[in-house]
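Hydrogens, waters and symmetry mates are skipped; everything else that's a heavy atom, side chains included, is used.
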Amino acid sequence: MSEQGTRQGISSTKIAFIAMFSTLAAVLYILNFALPFAFPSFLEFKLSDIPILIGAFTLGPVSGAIIVVVEILIKLVIKGTTTVFVGELSDLLTSCAFAVTAGIIYKKHRTFKGALVGMAVGTAAEVVVALFINRFILVPFYLQVFFKGNWAPLLGMMKPLFPSITKDTFYAFYLWVSVLPFNLLRCLVAIIVTLLVYKHISRLINSVNRKIYGKENRDEQKSKRTLIIFICVGVGIVALLITFALLREFVF
């Protein structure tokens, strides 16, 4: 994978592509779906890690984290939360563990090998975070808040796949036969798509940057003003998304 040949700091181009990747990620995040033939129906498969990982590679790990945050805010504004924000927090942590970790390693080693190592380490990070969150946060939270400590509904959702599951064997089946392969599959899909399209998107971003900043020395002041406007608009949009998400949950 080739190194991005244009300016690496904040630019109006980068902000525009962050917005584009965030919107695409939000759409894919909203259009999640279950794979009940392989995993429990409440584990929803999301393709939103694809634009997040591509964004982290082409724009940097910080941009990848921003894409995750904006994606979740857009989803909260459009659909709200059914998990008192705990599910969204889990998605935030797992997506950042995957894409941001991969982006950090690739930023330091911008080679094909560096990309593979970054994605492998990112996958391991997401799996570890997912296992930890499900074991110590999600399942205990759902069990107490939604099921009032009653294991029967939770076991009932698992029995179509694991007829012999019991309260004592729940975590063995859920963590190692469901959560682990489920997150590995999510990461694998994102990795395959990223490897196929990364170079094309990177060249597109470089081309746009060259067109915008090719005459930067003659029009530096105008470029700075444009950048400031983009930053202000971006901050304003994020603030509005947070406001609307909170209003949706606590007022309307």
Side-chain angles (χ1 to χ4, degrees), residues 25-53 68 71-72 75-76 78-102 116-195 249:
V27 171
L28 294 175
Y29 187 34
I30 292 170
L31 298 177
N32 52 36
F33 53 92
L35 299 172
F37 57 88
F39 305 105
S41 58
F42 54 85
L43 287 179
E44 295 183 326
F45 199 84
K46 292 176 277 288
L47 297 174
S48 55
D49 281 340
I50 296 171
I52 294 170
L53 181 60
V68 177
E71 160 212 46
I72 292 175
K75 181 264 181 185
L76 287 172
I78 295 174
K79 291 188 67 176
T81 179
T82 58
T83 62
V84 200
F85 301 106
V86 175
E88 287 76 24
L89 175 62
S90 172
D91 292 332
L92 171 68
L93 295 176
T94 53
S95 291
C96 282
F98 174 50
V100 176
T101 301
L116 293 179
V117 171
M119 290 186 287
V121 175
T123 298
E126 174 170 333
V127 168
V128 170
V129 170
L131 290 171
F132 179 87
I133 290 176
N134 276 275
R135 175 61 181 84
F136 296 105
I137 299 177
L138 289 182
V139 172
F141 175 82
Y142 292 145
L143 187 62
Q144 295 303 320
V145 174
F146 293 103
F147 305 133
K148 308 301 180 184
N150 181 9
W151 279 88
L154 198 56
L155 293 174
M157 289 187 282
M158 297 284 290
K159 281 188 178 296
L161 289 173
F162 312 110
S164 63
I165 192 171
T166 65
K167 176 181 174 181
D168 294 330
T169 61
F170 173 82
Y171 284 113
F173 280 106
Y174 180 59
L175 294 179
W176 306 113
V177 190
S178 297
V179 174
L180 176 61
F182 179 81
N183 281 274
L184 286 174
L185 180 60
R186 273 182 57 180
C187 293
L188 179 61
V189 171
I191 287 170
I192 292 173
V193 176
T194 299
L195 289 174
E249 295 305 318

**Message:** I need the Thr194 OG1 to Ile50 CD1 distance, nearest 0.5 Å.
**Reply:** 7.0 Å

**Asked** Between Phe39 and Phe182, what is the ring plane arrangement, given parallel below 30°, perpendicular above 60°, and tilted in between?
**Response** perpendicular

**Prompt:** Atom CD1 in Ile191, atom CG in Leu116: separation rounded to 0.5 Å?
**Reply:** 8.5 Å

**Request:** Measure the OG-CE distance between Ser178 and Met158 for me, rounded to the nearest 0.5 Å.
**Result:** 4.0 Å

**Smallest separation among heavy atoms of Val84 and Thr81, with atom names** = N-OG1, 3.5 Å

**Request:** Can you measure from CD (Glu126) to CG (Leu184) and round to the nearest 0.5 angstrom?
**Result:** 8.5 Å

Identify every side-chain donor-acceptor pair in residues 26-37 under 3.5 Å, counting partners at least two apart or on other chains, and give the distances.
from	atom 1	to	atom 2	distance (Å)
Tyr29	OH	Asp91	OD2	2.5
Asn32	ND2	Tyr29	O	3.1
Asn32	ND2	Glu44	OE1	3.2

**Message:** Closer than 3.5 angstrom, by distance alone: can the side chain of Thr101 be matched with the main-chain N or O of Ala97 as a donor-acceptor pair?
**Reply:** yes

Donor-acceptor list for residues 133-148 side chains, cut-off 3.5 Å, not counting sequence neighbours:
from	atom 1	to	atom 2	distance (Å)
Asn134	OD1	Tyr174	OH	2.6
Asn134	ND2	Ala130	O	2.8

**Fill in**
CE (Met157) and CG (Leu43) are apart, to the nearest 0.5 Å, by 10.0 Å

**Asked** In this structure, are over 12 heavy atoms from other groups packed under 6.0 Å from Trp176 atom CH2?
**Response** no

**Request:** First locate atom OG1 of Thr94, then atom CG of Leu131, and finally report the distance between them rounded to the nearest 0.5 Å.
**Result:** 11.5 Å

**Item:** Smallest separation among heavy atoms of Leu53 and Ala190, with atom names
**Value:** CD2-O, 3.9 Å

**Request:** For side-chain contact (heavy atoms from CB on, under 4.5 Å), just list the numbers for Val189 and Arg186, CA-CA rounded to whole Å, side-chain angles, deciding distance to a tenth of an Å, and then say yes or no.
**Result:** CA-CA 5 Å; Val189 171; Arg186 273 182 57 180; over 6 Å; no

**Prompt:** Does Lys75 use its side chain to pair, donor to acceptor, with the backbone of Gly80 at less than 3.5 Å?
**Reply:** yes

**Prompt:** What are the two closest heavy atoms between Thr123 and Cys187, and how far apart are they?
**Reply:** OG1-CB, 3.5 Å

